[in-house]
Amino acid sequence: MIFSLVAAALTSQSPLPAPEASGPEEPDRRQQTVVTASRAERKLEDAVVATEVITRQQMEATGARDLGQLLQQHPGVELVYTFRGVGLRLQGLDPEYVLVLVDGERVSGRVGTTLDLGRFSLHELERVEIVKGPAAALYGADAMGGVVNLITRRVQRPLEASVRGLFGTLLEGDVRAHAGTKQGPFEVRVGGGYRTRNPYDWEPQDAATSGAGLKRFDGDVALAYAPDEQSRVWLRSGYNRRDENAVDLNPSGAVLDRRQRQEQFDLSLGGQHRFSGGPTLLARGHFGLFREQLLQDQRGSRGLDDYSQNLTRLYEGVVQADHRLGAHALTGGVELLGERLDSARLERSPVHRLRGAAFLQDEWDVALGAEGTGPKLKIAPGLRFDLDSQFGGAPSPRLALKLDPSPAFTVRASAGLGFRPPSFQELYLRFANTGIGYVVAGNPELTAERSVGVNVGVDWRPPIDGWLFSASGFHTQLRNLINVTATGEPNPDNPVTFNYENVARAYTQGLELNGRFRLPVRSTYLDLAYMFLDARDRTRDRPLEGRSRHRVNAQLSTRYRPWNLEAVVRGSWVSARPYYLGVGGGFANVIGAGQETRVGVPAYFDLEAQVTYHFKAGFEFFVNGYNLFNAGDQQFNPRPPRGVLGGVQWEY
């Protein structure tokens with residue numbers, strides 16, 4: 001996992017925070033420090049762009065083991081399950097339009113268009129920040145749908161350590177530990193973990209498995225030197241390896257044993273200095289290396305045996321300055337990003353691209369009345385310009401504003417342009433599956449996809465302690481979308497050929513409603529959320545595939561201090577989703593490629609719960625039940641079936 005950036009790992013709350021362990025009252029969430037929306041440290045109450053935060057306490061209370069499981073029940077978020085990982089969909093936009101960062105740095109190693117959320121352990125994280133829609137324009141390419149930024153933990157005490165272990169259904173086991181020390185200006189932190197789980201199967205009558213078994217281990221080390229409050233230098237490195245095993249069934253009846261290994265190494269070096277009465281200067285560099293190996297072994301034959309290896313290198317450098325000048329808070333900087341992919345499945349290999357960018361943002365406090373009284377207005381214009389070695393220049397302007405007409409109300413609005421260059425696979429892939437009878441061919445003539453988006457939201461804090469309401473609407477127009485088109489019939493003599501083309505126009509729009517209620521029972525909170533989504537392919541005049549039109553989330557959290565018990569129950573209802581099998585469904589659905597069939601996947605309920613008992617001396621015991629309604633299927637929702645886990649944690 002990557003570690004970097006200068007985000008202060010302070011105790012944090014989410015927009016709808018969970019009850020705190022100390023005292024009956026929640027700390028003021030608006031004093032939380034966030035960094036993602038403005039690329040600089042801001043209090044949540046001052047952030048011009050709406051930022052959702054999931055705290056470390058909430059991660060532990062829910063019992064999630066990785067990022068995908070954590071976001072499974074998060075309002076306004078959909079997960080996309082593929083045989084190569086779990087992706088993230090924001091505001092109806094697929095995983096390729098969502099940028100995932102760790103401490104502000106890009107994560108290497110998308111497989112196809114998906115960055116597997118299962119690669120990210122939660123034990124090393126302090127919080128997760130989510131910015132949706134055009135507000136993420138300052139991050140440039142791949143951020144049309146939004147940004148998810150994982151903020152890692154920092155050493156806070158002279159000596160600290162923790163150990164967490166769990167065991168449960170599917171013989172799932174997870175053991176993690178960390179230790180750190182802070183001695184004068186020096187900080188040292190090391191951590192690591194191991195996780196294992198057996199494969200699972202929604203249709204045991206055939207040979208294929210629905211979900212892969214896995215073995216994952218990782219380790220990381222972080223060093224820092226901070227001689228004073230104005231300066232800090234750090235060096236961080238991490239490595240993780242994830243092995244998966246599964247069984248696939250070929251449409252012709254052949255059984256293939258699949259083995260997949262993903263390895264990731266990251267090294268980050270950076271520093272920050274705050275000049276007295278002047279700007280704050282940040283400089284950092286990051287190198288990421290990701291290797292994926294895939295082996296398919298046909299049982300009883302070698303006819304369909306196949307091995308492939310992809311090696312991705314990522315180089316990133318950033319210089320950024322922040323300065324307060326009267327009513328203006330200025331943030332500007334330059335970035336350099338290099339990517340290289342080596343793969344035998346590309347028409348030519350290796351392939352590489354270089355992208356430089358410059359960005360500038362001004363957060364302007366506009367005086368609407370006497371100082372300290374009356375409405376408060378912040379206006380934040382911003383511009384980013386990317387120069388890509390393959391696709392030329394691309395501006396990403398953004399305008400955001402925040403209006404506080406009274407202490408009880410906050411109105412936010414943002415609009416921006418976005419773009420996504422085609423991936424290396426979309427440009428250069430050349431892959432033939434002779435067993436099924438299809439060919440996938442990249443298109444080097446593809447152009448970048450473009451978007452225009454608008455978000456508007458309002459927060460209301462009624463005069464009832466612990467209550468909060470928010471509503472937001474969004475609309476995104478997309479053009480030059482890259483679609484998969486097909487010709488031919490699925491047979492070895494005349495294989496179907498799948499190509500990528502810039503042929504589609506689409507839009508996503510919707511409404512999100514959130515409410516938090518402090519119940520009469522002490523330290524008990526109820527969170528409710530509803531999302532309506534209208535996502536449509538305007539070129540084909542049909543709904544976009546896999547999107548649910550309605551989604552309802554609920555969470556009940558409570559803590560009974562006399563018994564040292566804490567409980568969290570969270571659930572969701574997801575409405576029916578359309579899928580298209582055949583030509584329009586992509587090369588995953590080759591059979592019937594000469595025709596297209598629409599399939600309506602029915603709605604489902606999802607429920608999970610965790611109960612935690614807090615011992616003295618930092619010990620905790622917990623029991624977690626997940627997917628309690630056993631929602632899932634072999635093809636469209638191949639998530640793990642109903643299960644139970646139990647474990648213990650100690651933290652010093």
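In this text the structure is predicted, and so the values were computed from the model without any measurement.
Annotation: F629 is not in aromatic contact with Y604 [ring centroid separation under 6.0 Å not met].
Taking 4.0 Å as the cut-off between side-chain N and carboxylate O, D322 and R39 do not count as a salt-bridged pair. Salt bridge annotation for D365-R324: present, with a cationic side-chain nitrogen under 4.0 angstrom from a carboxylate oxygen. Using a cutoff of 4.0 Å between basic side-chain nitrogens and carboxylate oxygens, K182 and E160 are not scored as salt-bridged. We find that R189 and E124 are joined by a salt bridge, their nearest charged nitrogen and carboxylate oxygen being less than 4.0 Å apart. A salt bridge does not link R164 with E60: every distance from a Lys NZ or Arg NE/NH1/NH2 to an Asp or Glu carboxylate oxygen is 4.0 Å or more. Comment: D404 engages K402 in a salt bridge, judged by a side-chain N to carboxylate O separation of less than 4.0 angstrom. By the 4.0 Å N-to-carboxylate-O rule, R216 lies too far from D66 to be salt-bridged with it.
For residues 627-647, the salt bridge (Lys or Arg N to Asp or Glu O under 4.0 Å) pairs, not counting sequence neighbours, are D606-R639.
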Q) Going through the checks in order, is the side-chain hydrogen bond (donor to acceptor under 3.5 Å, both in side chains) test met by E566 and T612? A) CA-CA 5 Å; E566 181 180 5; T612 304; 5.1 Å; no

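Using modelled atom types, no side-chain atom of N514 and backbone atom of A529 make a donor-acceptor pair closer than 3.5 Å.
D103 and T152 share a donor-acceptor pair across their side chains, judged by distance under 3.5 Å alone. There is a side-chain donor-acceptor pair under 3.5 Å between S121 and R176.
Scanning for side chain to side chain donor-acceptor pair (under 3.5 Å) contacts around H475 gives Q477, Q509, with sequence neighbours left out.
Remark: R551 fails to qualify as a cation-pi partner of F532 under the 6.0 Å distance and 45° angle criteria applied to the six-membered ring.
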